[in-house]
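Scroll down for the structure; my scribbles are underneath it.
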Amino acid sequence: MKEAKNDDRRKMGCKLDGKIALVTGRTSGIGLATAKRFVAEGAYVFITGRREKELASAVKSIGGSVTGVQGYVSQIADLEQLFAQTKREKGRLDIVFANAGTAKKSLANHERYDNEGGREWF
């Protein structure tokens with residue numbers, strides 16, 4: 001997929017204009033391509049990655065409308081920090097693209113966000 005610049009958003013339709021998105025895991029491949037597309041469509045995107053150097057490189061390649069948050073999505077403390085930062089900076093989260101994690105320790109299973117008392121979603 002060709003990288004779109006923020007100025008090209010008008011041409012692409014801005015389907016996600018004003019949305020706040022989170023793309024977890026991998027600072028390359030599908031995760032990076034998804035984050036770039038979301039930004040091109042008008043979203044502000046938070047991306048995660050375990051390695052600081054790769055995360056900084058991914059943020060730079062996306063350009064604007066992105067924040068990189070270092071962490072590991074299977075660690076509850078890292079998820080708490082991620083959600084706190086998202087809330088502090090943007091006040092809400094509209095889209096989650098769960099590109100990393102395991103079924104037992106994924107974002108969807110985090111007890112704070114599970115309204116059905118621990119039901120496994122996967």
Side-chain angles (χ1 to χ4, degrees):
M1 176 171 68
K2 183 179 175 186
E3 180 179 343
K5 302 210 183 313
N6 289 341
D7 294 339
D8 293 338
R9 289 183 356 196
R10 282 175 260 131
K11 297 175 188 174
M12 298 186 79
C14 296
K15 294 177 185 176
L16 302 178
D17 202 25
K19 299 294 184 185
I20 308 302
L22 166 63
V23 178
T24 65
R26 300 287 303 183
T27 50
S28 62
I30 292 171
L32 181 58
T34 301
K36 287 179 179 182
R37 183 57 184 237
F38 283 3
V39 168
E41 293 283 348
Y44 188 94
V45 178
F46 288 85
I47 61 171
T48 66
R50 290 184 288 167
R51 291 178 286 288
E52 187 175 345
K53 183 178 177 183
E54 287 85 352
L55 184 60
S57 178
V59 167
K60 185 177 179 180
S61 76
I62 294 168
S65 299
V66 62
T67 296
V69 181
Q70 188 176 4
Y72 191 46
V73 297
S74 71
Q75 301 298 315
I76 297 301
D78 289 354
L79 282 176
E80 291 294 341
Q81 183 226 347
L82 172 63
F83 287 119
Q85 183 171 347
T86 302
K87 184 175 183 179
R88 184 175 58 251
E89 291 183 18
K90 296 297 179 182
R92 69 178 201 282
L93 184 59
D94 301 306
I95 302 165
V96 175
F97 186 86
N99 186 53
T102 63
K104 298 268 182 211
K105 294 185 178 182
S106 74
L107 215 78
N109 287 343
H110 190 285
E111 70 273 0
R112 181 182 216 178
Y113 304 100
D114 183 358
N115 294 330
E116 297 181 358
R119 186 186 104 205
E120 292 189 336
W121 294 22
F122 296 98

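Residues take their numbers from the sequence shown, with the count starting at 1. These numbers come from the heavy atoms of this one structure, side chains and all, not from hydrogens, waters or symmetry mates.
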Is the closest side-chain heavy-atom distance between Q81 and V69 below 4.5 Å? yes
Heavy-atom side-chain proximity of I95 to L22 below 4.5 angstrom: no
I'd like to know if the side chain of E41 and the backbone of L16 have a donor-acceptor N/O pair within less than 3.5 Å. no
Which atom pair, heavy atoms only, marks the closest approach of A43 to S65? O-CB, 3.8 Å
Considering residues at least two apart in sequence or located in another chain, which fulfil the side-chain contact (heavy atoms from CB on, under 4.5 Å) criterion with K90? I20, Y44, F46
Between Q70 and R50 the two heavy atoms that sit nearest each other are NE2-O, 2.9 Å
Exactly one of V66, I62, V23 should register a side-chain contact (heavy atoms from CB on, under 4.5 Å) with F38. Which one does? V23
Measure across L82 and T48 and return the closest heavy-atom pair with its distance rounded to 0.1 Å. CD2-CG2, 3.7 Å
By side-chain contact (heavy atoms from CB on, under 4.5 Å) - contacts of A58 (at least two apart): T27, L32, I47
Salt bridge (Lys or Arg N to Asp or Glu O under 4.0 Å) partners of R92, counting only residues at least two apart: D94
Contacts of I30 meeting side-chain contact (heavy atoms from CB on, under 4.5 Å) (sequence neighbours excluded), chain-then-number -> T34, F97, N99
Contacts of E52 that satisfy side-chain hydrogen bond (donor to acceptor under 3.5 Å, both in side chains) - sequence neighbours left out: none
Mind checking whether Q85 and T67 have side chains closer than 4.5 Å, heavy atoms only? yes
